[in-house]
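As structure tokens, the structure follows; a few thoughts come after it.
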Amino acid sequence: MKEQFELLEQYIDGDIGLAESESVGQLISSDPFFKKEYDLRREVNKAISEKNIMQFRYKLNMIHDQQIGSSRGKVRQLIDHKWYLAAASVTILALIGSLLINNMSNPGPEQLFDRYYTTENAVFTTRSSNENDNIELKEGLQQFQLNNYKEAINWLKKSPKNIVSEYYLGISYIETDQYTQAKDAFHRIIEQENNLFTEQAQWYKGLCLLKLNEIDEATLLFTSIKNSSSLYNDDASEILKKLN
């Protein structure tokens, strides 16, 4: 199954041989589960076309929080790709002369959570020839975008074992101060191999562990993130320094 999903990603990217392409196409046509996985991955790839874009978005949000502050729980809107490329260079220049000095020399776990936690906009959609497919996920994402997190939870829980549902379920739990449930949702994502939300799930689970004051487990997880190629490794390293 793992190899099939790897072939599926190559098929979507157009980086696959003719024979393998025909094999994947037959699977999509004959296997309803595989077809749904194909539809979902194609839509997610449209929303996240480059990992660098995600990194720009995350870093710019963090810089914005550090310099002028933002209220916890604000959902940032997805902005045009070209804006991020321009804003990234502007931000680098701004950092040279305007980064603020941290007045808290020994922030506690909750302060670290508040400093590093940001939400992501629910930009993913799902489409299917059967309009009843993924109706719970669609409604859940709509409620999430409206900041109706409690209602989003009610819908997203109806779509178990769906990576996208689990991800936004976890964020919705955080937004409603249900950190144990959020931690569990992100853990379920981490347990599933080769999905597009693993890095985010590890990061948000780590923040939940901080909020729950489970410092030893948080330290282990942030150490793993620090030593990986995750887009959160620099921030994980900063958190570890402040925890020591």
Side-chain angles (χ1 to χ4, degrees), residues 1 5 33 36-37 39-41 43-44 47-48 54 57-58 61 72-76 78 109-110 112-126 133-225 228 230-233 235-236 239:
M1 182 65 70
F5 286 152
F33 173 80
K36 287 186 178 181
E37 185 71 19
D39 289 339
L40 178 59
R41 290 184 181 228
E43 292 301 323
V44 170
I48 309 174
M54 293 178 64
R57 176 171 59 191
Y58 174 76
N61 284 343
R72 187 182 74 82
K74 178 181 178 183
V75 181
R76 294 173 174 80
L78 183 67
E110 288 201 6
L112 288 173
F113 173 91
D114 291 337
R115 184 179 304 177
Y116 286 93
Y117 172 70
T118 61
T119 55
E120 298 287 343
N121 190 29
V123 298
F124 306 116
T125 59
T126 57
D133 287 350
N134 295 318
I135 187 171
E136 294 87 0
L137 174 58
K138 293 176 183 177
E139 184 63 29
L141 292 182
Q142 289 176 4
Q143 295 300 324
F144 182 95
Q145 288 178 308
L146 294 171
N147 297 353
N148 297 331
Y149 299 113
K150 290 183 178 179
E151 189 65 19
I153 289 171
N154 292 334
W155 282 101
L156 294 170
K157 286 195 302 184
K158 297 177 182 179
S159 187
K161 298 182 181 180
N162 183 300
I163 294 295
V164 178
S165 291
E166 291 280 13
Y167 177 70
Y168 286 105
L169 181 62
I171 297 294
S172 297
Y173 276 136
I174 290 179
E175 290 296 323
T176 54
D177 298 325
Q178 300 180 71
Y179 300 103
T180 299
Q181 292 89 332
K183 178 188 71 173
D184 292 341
F186 295 128
H187 182 73
R188 289 192 291 270
I189 296 174
I190 295 169
E191 286 186 320
Q192 300 188 45
E193 295 182 351
N194 293 335
N195 68 79
L196 294 174
F197 293 90
T198 299
E199 292 181 6
Q200 291 87 346
Q202 290 175 333
W203 172 249
Y204 283 117
K205 180 185 176 183
L207 293 180
C208 289
L209 291 169
L210 288 179
K211 194 71 175 181
L212 294 168
N213 204 35
E214 297 177 12
I215 305 305
D216 290 340
E217 188 175 351
T219 298
L220 289 174
L221 183 52
F222 283 125
T223 300
S224 176
I225 295 172
S228 72
S230 168
L231 62 92
Y232 302 99
N233 53 13
D235 294 307
I239 289 176

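One-based numbering along the sequence shown. This structure is a prediction, so every number in the text was calculated from the model and none was measured.
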Test side-chain contact (heavy atoms from CB on, under 4.5 Å), reference Ser172, set Asn148, Leu156, Asn147, Asn154, output is Leu156
Test of understanding: with side chain to side chain donor-acceptor pair (under 3.5 Å), list the residues that count as partners of [X], not counting sequence neighbours.
X      : result
Thr223 : none
Thr219 : none
Asp184 : none

With [X], which residues qualify under side-chain contact (heavy atoms from CB on, under 4.5 Å), at least two apart?
X      : result
Asn213 : Pro109, Ile215
Gln192 : Ile163, Asn195
Ala218 : Leu209, Leu210, Phe222
Leu220 : none

Please examine the side chains of [Y] and [X], heavy atoms only from C-beta on, and report whether any two atoms are closer than 4.5 Å.
X      : Y      : value
Leu207 : Ile239 : yes
Phe144 : Trp155 : no
Ile174 : Phe186 : yes
Ile153 : Gln178 : yes

Taken in chain and number order and not counting sequence neighbours, the residues that satisfy salt bridge (Lys or Arg N to Asp or Glu O under 4.0 Å) with Glu151 are none
Residues at least two apart in sequence or cross-chain that pass salt bridge (Lys or Arg N to Asp or Glu O under 4.0 Å) with Glu139, listed by chain then number, are none
task = Please check if atom NZ in Lys158 has more than 12 non-hydrogen atoms from other residues, nucleotides or ligands closer than 6.0 Å.
result = yes
In terms of heavy-atom contacts, Leu221 and Gly206 come closest through CD2-N, 3.5 Å
Tyr173 meets the ring pair (Phe, Tyr, Trp, His ring centres under 6.0 Å) criterion, sequence neighbours left out, with none
Check: Tyr117/Glu175 side-chain N/O donor and acceptor closer than 3.5 Å: yes
Inset, instruction - Give the ring-plane orientation class for Trp203 versus Tyr232, where under 30° counts as parallel, over 60° as perpendicular and anything between as tilted. - result: parallel
